Structure formats: structure tokens, C-alpha cells
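Here is the structure we will look at.
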Amino acid sequence: MPEGHSVRRLARQFGDVFTGRQLSVSSPQGRFSAGAALLDGHTLLAAEAHGKHLFLHFDNALVLHVHLGLYGAWSFGGDSTFAGSSSIGAPRRVGEEETFAEADEDGYDDGGNAYAGPPPPVGAVRVRLASSNGWADLRGATTCETVTLAETDGILARLGPDPLVNRRGDAGRFAANLQSRKTPVAALLMDQKIIAGVGNVYRAEVLFRRRLDPWLPGGDLTDGEARKLWRDVVSVMNDGVADGRIITTTPRYWSGNGKRTTPAAALSAMKSGTFPARDNAHFVYKRDGLPCRVCGTTVLIAELVGRKLYWCPYCQQS
DNA sequence: GTCTCATGGACAT
DNA sequence: TGTCCCTGAGACG
């Protein structure tokens with residue numbers, strides 16, 4: 001699924017195109033008809049994200065709560081206010097950029113200017129939001145429900161601190177969450193009660209970046225290590241929000257073969273404004289069997305609580 | 001066409 | 001720890 005950075009981008013996009021607008025809310029697929037009816041005709045007040053959860057607040061004190069899960073995705077289309085909007089969510093290839101709307105297929109008439117209304121829904125559209133300026137379709141989400149404000153608070157209360165919110169005291173809360181557990185730190189990073197928004201890509205990558213042994217019990221991290229880990233998650237996830245991609249390698253690794261280059265070459269890569277090729281965007285994620293970019297040791301893979309974990313056994317020793 | 005896999009999580013056991 | 005649900009794309013035949 002899109003990790004927390006994608007959901008944050010989604011919230012921003014909903015805010016940009018739909019805030020203050022009256023929305024028609026429907027469930028072309030039919031599975032969300034009752035929930036959609038509660039929101040239909042109401043105005044969107046705000047869109048917010050916490051971790052991987054998206055909350056759309058309507059003017060009747062009800063909230064559309066969406067969790068994309070592994071397969072969920074939103075697609076958008078509409079007039080010029082939608083020009084920068086993109087489809088966000090799975091399924092896409094890992095590391096692939098978001099796909100941007102093409103005007104011809106998104107409700108423009110043949111003249112290319114006036115918005116002619118949403119196209120007929122294609123496939124299993126769980127919910128469609130439509131305003132006078134455009135539309136958004138949701139497919140395949142794990143959770144799509146209409147909830148009250150109290151229920152929203154309940155959902156938020158079950159989530160740990162979000163690195164993309166990064167309130168004062170969150171680093172300490174995260175450190176305390178880690179240090180009270182004997183579970184491997186790699187499992188704790190995926191636990192949304194410990195930290196909200198980290199998924200399988202970020203967890204593997206930040207553990208490598210901090211050179212932490214994924215199997216180290218959370219309680220074995222020092223407070224300083226835990227806080228540095230938090231700060232690195234904050235940093236890479238904010239980059240993800242800006243880039244619309246998960247890029248965890250530094251420019252020194254962006255050249256052709258993904259091996260470390262000279263500082264001059266890295267500077268040149270940064271100045272040229274290029275992004276790494278998909279193959280060079282990560283240190284260890286999905287690189288099992290390949291040599292570590294830093295030390296050359298073969299990157300390993302293992303199953304941990306049902307998800308695949310990638311790490312370098314040399315760089316990440318405890 | 002069929003199979004497998006994927007950035008997740010709830011629930012049962 | 002295992003099972004199930006959700007959807008679509010790519011590999012394979």
C-alpha cells in the first residue's frame with residue numbers, strides 16, 4: 001500500500017480540489033451505498049491524514065474514513081483545478097511514480113477546456129466523490145466507512161505518533177514505545193500503535209540507514225538511538241511527501257550502477273535535479289541476493305510477522 | 001487463461 | 001501464528 005507519505009499527499013490533494021465544495025457521494029459498486037447516502041450532498045470541510053488513515057470531514061459532523069490497505073487506490077479527474085492531481089495508491093509497481101491524470105480521459109470534452117462531468121465509473125468503484133469541478137474514485141480499499149467525530153477520535157487514539165505530524169514530544173513517545181518492548185525493532189516499526197504510517201519499504205530502509213539490526217529487541221535500543229531513528233523516519237517520509245516516491249538512498253548512489261560515487265558526482269546529480277532510477281532508490285528493500293551498496297555483503301531476506309524483511313547482515317549488526 | 005505477488009490489517013486460534 | 005479479505009499487473013503457459 002501507499003505508506004504514510006502517500007496518504008498525506010492524498011489528504012492535501014482532497015483539500016486542494018474539494019474543500020468548501022458540495023459533493024455528491026455515491027457507491028457505484030454498491031458496497032458502500034448506505035455510508036455514501038449519509039454524506040451525499042454535504043460540503044467537505046477538511047481532509048486530514050494520520051498514518052495510513054484518511055479522514056474527510058463533512059459539514060454534517062460526519063467523516064469519511066478510508067484505509068487503502070494493500071490494494072486500495074484513488075483516481076482523480078476534473079477541470080484545471082485538478083491539473084496537478086494524480087492517482088494515488090496500490091496497485092502500482094513498487095517505487096513507481098504516481099500516474100497523473102490525462103485530460104482527455106477525465107471528463108474534458110473534445111474541446112479540451114470545459115469539464116463535462118465525471119466519466120462512467122469503470123470497474124468496482126467503492127465510492128465516488130463528485131463536485132462541479134471534478135471527481136475522485138476509490139477502489140479496493142480495506143476500510144471505507146462513514147463515522148462520527150467520536151469514532152474518529154477512537155481511531156486516532158489507537159494510533160501511535162505520525163512522523164509526518166511530528167508534534168512536540170512525539171520522538172520521546174516513540175522512544176518510550178520502543179523501549180518498553182522485547183519485540184524486534186523491525187516488527188515494532190510496522191506496528192501502527194508504536195508509530196503510524198511506516199510500511200514495509202520505509203521500515204527496511206530506515207533500519208539500514210541507521211545501521212540497526214532488525215532483530216534487535218526494541219528495549220535494547222538506547223534512548224538516543226530510538227530518537228535518531230525517529231528523526232530519520234521523519235526525514236525520509238517528508239522527502240516521500242515532496243517527491244511522491246519513496247527514495248531513501250542519497251545522491252551518491254544514484255548513478256548507473258547504484259554504487260557509491262564521488263561527492264562531486266553526487267553534487268552533479270543533485271544539481272541536475274534528477275531522481276534515481278527505480279533500481280537505485282533503495283538500499284535493501286527488494287534487493288535480496290544483491291550486494292549491499294555500502295559493503296558488498298549479500299542482502300538477506302526473511303519473513304517477519306508475515307511480511308518480508310530485507311537487511312544487510314554486515315552493516316546492520318548489533 | 002491461470003497463478004502469484006504486492007507499500008495492510010482484522011480476527012480467530 | 002495462521003487465515004481471510006481487498007484489486008490489478010506481470011509472469012507464465
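None of these values were measured; they are calculated from a predicted model.
Taking the six-membered ring for Trp and thresholds of 30 and 60 degrees, A:H53 and A:F55 have nearly parallel ring planes, at less than 30 degrees apart. Between A:F76 and A:F82, the ring planes lie tilted relative to each other; the angle falls in the 30° to 60° range.
The nearest whole Å value for the distance from the NZ atom in A:K308 to the C1' atom in B:dC5 is 7 Å. Between the P atom of B:dT4 and the CG atom of A:L70 lies a distance of 17 Å, rounded to the nearest Å. In this structure, A:L159 places its CG atom 13 Å from C1' of B:dG8, rounding to the nearest Å. At whole-Å resolution of the value, CG in A:D191 and P in C:dT1 are 14 Å apart. As a whole-Å value, the separation of A:R203 CZ from B:dA6 P is 13 Å. Rounding to whole angstrom units, CD of residue A:E303 and P of C:dT1 are separated by 11 Å. Per the geometry, OH belonging to A:Y310 stands 11 Å off P belonging to B:dC5, to the nearest Å. Atom CD1 of A:I301 and atom C1' of B:dC5 are 12 Å apart (whole Å).
Straight-line distance between the P atoms of C:dC5 and B:dT13: roughly 15 Å, to the nearest whole Å. When the P atom is compared between B:dC5 and C:dG13, the two are found 14 Å apart, to the nearest whole Å.
Evaluation of the ring pair (Phe, Tyr, Trp, His ring centres under 6.0 Å) rule for A:F174 yields A:W230 as partners, not counting sequence neighbours.
Applying the ring pair (Phe, Tyr, Trp, His ring centres under 6.0 Å) test between A:Y285 and each of A:Y202, A:F208, A:W311, A:Y310 identifies A:Y310 as the sole match. Partner of A:R209 under the side-chain hydrogen bond (donor to acceptor under 3.5 Å, both in side chains) criterion, chosen from A:T250, A:D232, A:T248: A:D232.
Nearest nucleotide to the A:R126 side chain, out of B:dA6, C:dG8, C:dC6: C:dC6. Side-chain proximity of A:Y285 to C:dT7, B:dG8, B:dA6: nearest is B:dA6.
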Each nucleotide N or O in nucleotides 9-13 of chain B that has a protein N or O under 3.5 Å away: list the pair and distance.
residue : atom : partner : partner atom : Å
B:dG9   : OP1  : A:H67   : NE2          : 3.3

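The pair A:R227-A:D223 meets the salt-bridge criterion, with a side-chain N (NZ, NE, NH1 or NH2) lying under 4.0 Å from an Asp/Glu carboxylate O. Ion pairing between a basic and an acidic side chain is recognised when a charged N comes within 4.0 Å of a carboxylate O; A:R245 and A:D239 show no such pairing.
Summarising the local packing, CZ of A:R260 is surrounded by 12 or fewer heavy atoms from other residues, nucleotides or ligands at distances under 6.0 Å.
Side-chain atoms of A:H282 and A:E205 include no donor-acceptor pair closer than 3.5 Å.
A heavy-atom distance below 4.0 Å to DNA chain C is reached by these residues of residues 26-33 of chain A, ordered by number: A:Q29, A:R31.
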